[in-house]
Amino acid sequence: MSESFDARGLLADLTPDQQAAVTHGEGPLLILAGAGSGKTRVITRRVAYLLRSGVRPSNILAITFTNKAAGEMKNRVEKLAPGNRVWVSTFHSLGARLLRQYGERLGFDRNFTIYDMDDRNKIVKDALEASGIDNVKFSPERIGGAISKAKNQLLTPPEYARTATDFFQKTVGTVYPLYEKRLRAANAMDFDDLLYLPAMALKKNEELRAELDARFKYVLIDEYQDTNSAQYEIAKRLSLNYDNLCVVGDPDQSIYKWRGSDIKNILDFERDFPNARVITLAQNYRSTKAILHAASVLIDHNKQRKKKDLVTDNPQGDPVNILTFDNGLDEAEGVVVRIKEAVKAGAYKYRDHAIFMRINALTRSLESAFVKHGVPFQIVKGLAFFERKENRDVLAYLRLLANPQDTISFLRAVNEPARGIGKVSLDRLQAFAADQEIGLLAAAGQVARITEIKGKAATGLRDFHRMMTDLRARLDLPPHELVSLVLEKSGYEAMLRDSTDDEDAERLANVGELVTAAKQFHEANPESTITDFLEQITLASDVDGWDEQADHVSVMTLHASKGLEFPVVYVLAVEEGLLPHERSMGREDEIEEERRLCFVGMTRAMKELYLCHARLREFRGQLNYAIPSSFLQELPRDVRYSDTSMARNQARSAADEWRAKVGPAAKDWADTGARPVIPPKKPTDYKPTIPDAPETGLAVGVLVQHEEFGLGTVTDVSGYGALRRVKIRFPGHGEKTFVADKVKLKIVGRKKAGG
DNA sequence: CATTATATATTTTTT
DNA sequence: ATATATAATG
């Protein structure tokens, strides 16, 4: 290929395979990119390459999995090809943008609200009640999930009803159209609509399809293995006239099947696009040989898999570690202490560490361990802040301002703070609104016409409507000023300020932070409206809130870890029932997805990898035996086992207190229920990789040499990490207690048993 | 209507 | 164990 432009800077540091992917010209391209093979880099370079070769930035569309990834790619492209603003976004953001831009052509109001799962379930509940099916057999969550799945498969309500066979599906078939009606009446879209409606429009409206196809001549999609049918439809229909579709993915990292993702999309790409070029990137640049080998051996247990060997030129590195703890608390503490020690030893910074787990619930014990040891951390869960009650309340006002039809937000805001408007009055108002086919806010404006509502409720509704009308006149204010105004006019701020409740003081601070968040948004996007602000919040993914600059330990779910990398990785609770999760048990394909999830977590690690499990784990307030994950058995032999729970005989660990509380039943748990799948290990098997690790070999009966007191025998060891104390009896000096971290001791040997 | 007490369900993972 | 939903009470 002869370039008439300067591509040297884009290609110099790439392998031939990577270069081929970057410089591929017209036509479909499938890049099978193994974990750590530099796929983000390739996709970014490719965009820059296209720009330098003369493709107009407006003709390029790049789809990433998170908004954060989209922002980063935008910045990198900007650096490689200055002055070019390419459209990079997630599928959902793309859908929202298309719907706002072309919605009116399709019959939608552009100021629609995006409903999250919470909102969705409330609508489902309402639709369920209205359907007359009140046997409470199926939860709104379950029905909502089924509707979501239907939309992902592009099934319309009648189509779904036609294919429904069992009672559950028939129920969903009844609720689905009612649900849709309520969404449209509220001028709202759920997450799935953002894909479903554009996909349908591209399918049905050839004029629009051809227009967008020509606009997005080059489409690039990252994490293609996790696209669903609706997303596939969008990609395909944007690539009919201009089939320059470039998809990047790794079937081994497909972890969203439960959300409707179809691994077939990537496996069948060559069939869908017969002239597709396929490039495989198998070279790993991220992990040590030890880590990559362990991950490869694990994933090789998946039967439904095209075999693929990942190779790396990186050094062998330390063996992968399997850590055994007494219980969840010890696990949390043990990991935090290890990290602290590693940082203290100067080997790593806090930000080099990440802790992953299968379920969010496990972050609780970690949180207290971090606080206890003064280790900085961030729990990467993007929406958590906006999901607090007080912030949701305030956001409900904003959503209602942006979209007066928004039922859910009206119901949330109308009596918070209390305005004397109760359930009965609201039922009457809803009946009136439904009858008149108007929104709830509009109905509140006509409260005088509703004879059944009187007294406090009537004045409350009238005042609420008047206040919202006044606020709506200020809709053009920058987001943060609008938030401040809402806080003031609604009385929400006053309510919190006048409260004597301590928690309300915190809530006040939180809504204050909401103003700050809005201000930051405004500064970053000066042109944007309140609708954009709300959209960004709703479509934010967990990692979008991650601060990767700060020096702290990152804590997140395995799902959130996709696409990231860290020098040191800990995976918690690698136990049967959690990883693989019990809900996947019995279904081989779901077990395989769990294995992929484990694989994703492992392959995030660059230098050190620790897979942890505990002998006892608390679940719903109950203590249960935990069996090490079958995945651990599938690892190669050269992993390193270390059982820190061995300390239980010497140390007064948290487990002892716990066991004492639980009583004799659990006293000899170690010898009964828990059947270690892992070969039994001796404490001496463990060689700390970091200096001053909590396991310094100090145990009762160990003979030590002290600088001042001479030879002594350890009589007690307690606590962990910096708090670890060691009691030593010195002949002639009596018993002394030291902080294990601080005291200088030389281990001389072990006293004979009984001595 | 609002507040409080009791019952009940809830836990996978997420745009 | 905790959070939410419903029922009972003021």
Side-chain angles (χ1 to χ4, degrees), chain A residues 63-70 89-96 114-118 120-122 125 136 139-142 144-145 148-149 151-152 189-196 223 226-228 230-231 254-261 328 356-365 380-384 387 389 415-427 453-460 535-545 556-562 573 577-585 590 593-594 596-598 600-601 617-623:
Chain A
I63 305 282
T64 57
F65 207 68
T66 63
N67 293 294
K68 189 182 183 66
S89 77
T90 65
F91 262 114
H92 290 267
S93 296
L94 167 74
I114 299 170
Y115 276 179
D116 64 18
M117 241 167 59
D118 243 42
R120 178 197 78 182
N121 292 337
K122 281 179 187 156
K125 199 177 166 212
V136 205
S139 67
E141 287 78 15
R142 226 185 123 194
S148 166
K149 217 171 161 191
K151 285 190 180 180
N152 282 161
M189 303 281 176
D190 63 17
F191 282 137
D192 308 305
D193 283 333
L194 301 180
L195 308 173
Y196 171 84
E223 306 283 9
D226 278 323
T227 49
N228 62 32
Q231 291 165 331
S254 164
I255 55 174
Y256 283 100
K257 183 182 189 286
W258 54 273
R259 205 171 82 181
S261 298
F356 304 149
M357 51 235 130
R358 178 65 235 265
I359 59 170
N360 283 118
L362 289 174
T363 54
R364 285 184 167 272
S365 44
V380 181
K381 195 149 190 323
L383 293 160
E387 273 168 1
K389 183 192 176 299
N415 204 31
E416 196 75 47
R419 295 184 177 91
I421 304 157
K423 193 183 179 307
V424 182
S425 304
L426 286 176
D427 282 347
I453 303 178
K454 39 194 180 295
K456 221 165 32 165
T459 24
E535 177 176 313
Q536 191 202 257
I537 290 171
T538 315
L539 292 185
S541 67
D542 280 350
V543 278
D544 289 344
M556 65 189 84
T557 63
L558 286 164
H559 282 89
S561 78
K562 187 165 81 160
L578 280 168
L579 185 64
H581 194 272
E582 58 181 336
R583 304 271 288 233
S584 67
M585 298 289 190
E590 288 188 30
E593 175 143 321
E594 296 286 313
R596 288 194 293 271
L597 198 49
C598 189
V600 166
R617 189 156 308 267
E618 199 184 41
F619 179 65
R620 277 192 206 165
Q622 260 217 322
L623 208 52

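What you see is a predicted model; the values in this text were computed from it and never measured. Note on naming: letters A, B, ... go to the chains in the order of the sequence lines (proteins, then strands), and numbering restarts at 1 for each one.
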All N/O pairs under 3.5 Å across the protein-nucleotides 2-10 of chain C interface:
none

Taking N or O atoms only and anything under 3.5 Å, show me the protein contacts with nucleotides 13-15 of chain B, one pair per line.
unit_1: B:dT13; atom_1: OP1; unit_2: A:Asn360; atom_2: N; d: 2.8
unit_1: B:dT13; atom_1: OP1; unit_2: A:Asn360; atom_2: OD1; d: 3.2
unit_1: B:dT13; atom_1: O4'; unit_2: A:Arg358; atom_2: NH2; d: 3.4
unit_1: B:dT13; atom_1: O2; unit_2: A:Trp258; atom_2: NE1; d: 3.4
unit_1: B:dT13; atom_1: O2; unit_2: A:Arg358; atom_2: NH2; d: 2.4
unit_1: B:dT14; atom_1: OP1; unit_2: A:Asp542; atom_2: OD2; d: 3.0
unit_1: B:dT14; atom_1: OP1; unit_2: A:Thr557; atom_2: OG1; d: 3.0
unit_1: B:dT14; atom_1: OP2; unit_2: A:Asn360; atom_2: OD1; d: 3.4
unit_1: B:dT15; atom_1: OP1; unit_2: A:Asp542; atom_2: N; d: 2.8
unit_1: B:dT15; atom_1: O2; unit_2: A:His92; atom_2: NE2; d: 2.8

Item checked: Side chain proximity check, A:Ser541 to A:Lys68, heavy atoms < 4.5 angstrom -> no
Next item on the list: Answer whether the closest heavy-atom distance between the side chains of A:Leu579 and A:Glu594 falls below 4.5 Å.
Entry: yes
Note to self: Whether A:Asp190 and A:Lys151 form a salt bridge (side-chain N of Lys/Arg under 4.0 Å from carboxylate O of Asp/Glu) is what I want to check.
What the structure shows: yes
Next item on the list: State which residues pass ring-ring contact (aromatic ring centres under 6.0 Å, His included) with A:His559; sequence neighbours excluded, sorted by chain then number.
Entry: A:Tyr256, A:Trp258
Checklist line | Closest-nucleotide 5' rank along DNA chain B - winner of A:His581 and A:Ala418 | finding: A:Ala418
Notebook entry, point to check: Taking side chain as C-beta onward, heavy atoms only, is A:Ile63 less than 4.5 Å from A:Thr90?
Noted result: no
Notebook entry, point to check: Atom CE of A:Met585 to atom C1' of B:dT11: distance rounded to whole Å?
Noted result: 15 Å
Next item on the list: Send over the distance from A:Glu416 CD to B:dA2 P, rounded to a whole Å.
Entry: 10 Å
Notebook entry, point to check: Side chains of A:Ser148 and A:Asp192: do they bring a donor and an acceptor to under 3.5 Å?
Noted result: yes
Note to self: Check A:Asp226 with A:Lys562, please: is the shortest side-chain N to carboxylate O separation under 4.0 Å?
What the structure shows: yes
Notebook entry, point to check: Does A:Lys389 pair with A:Glu416 as a salt bridge, N-O distance under 4.0 Å?
Noted result: yes
Check: Which part of the nucleic acid does A:Asp193 contact within heavy-atom distance under 4.0 Å: base, sugar-phosphate only, or nothing?
Finding: nothing
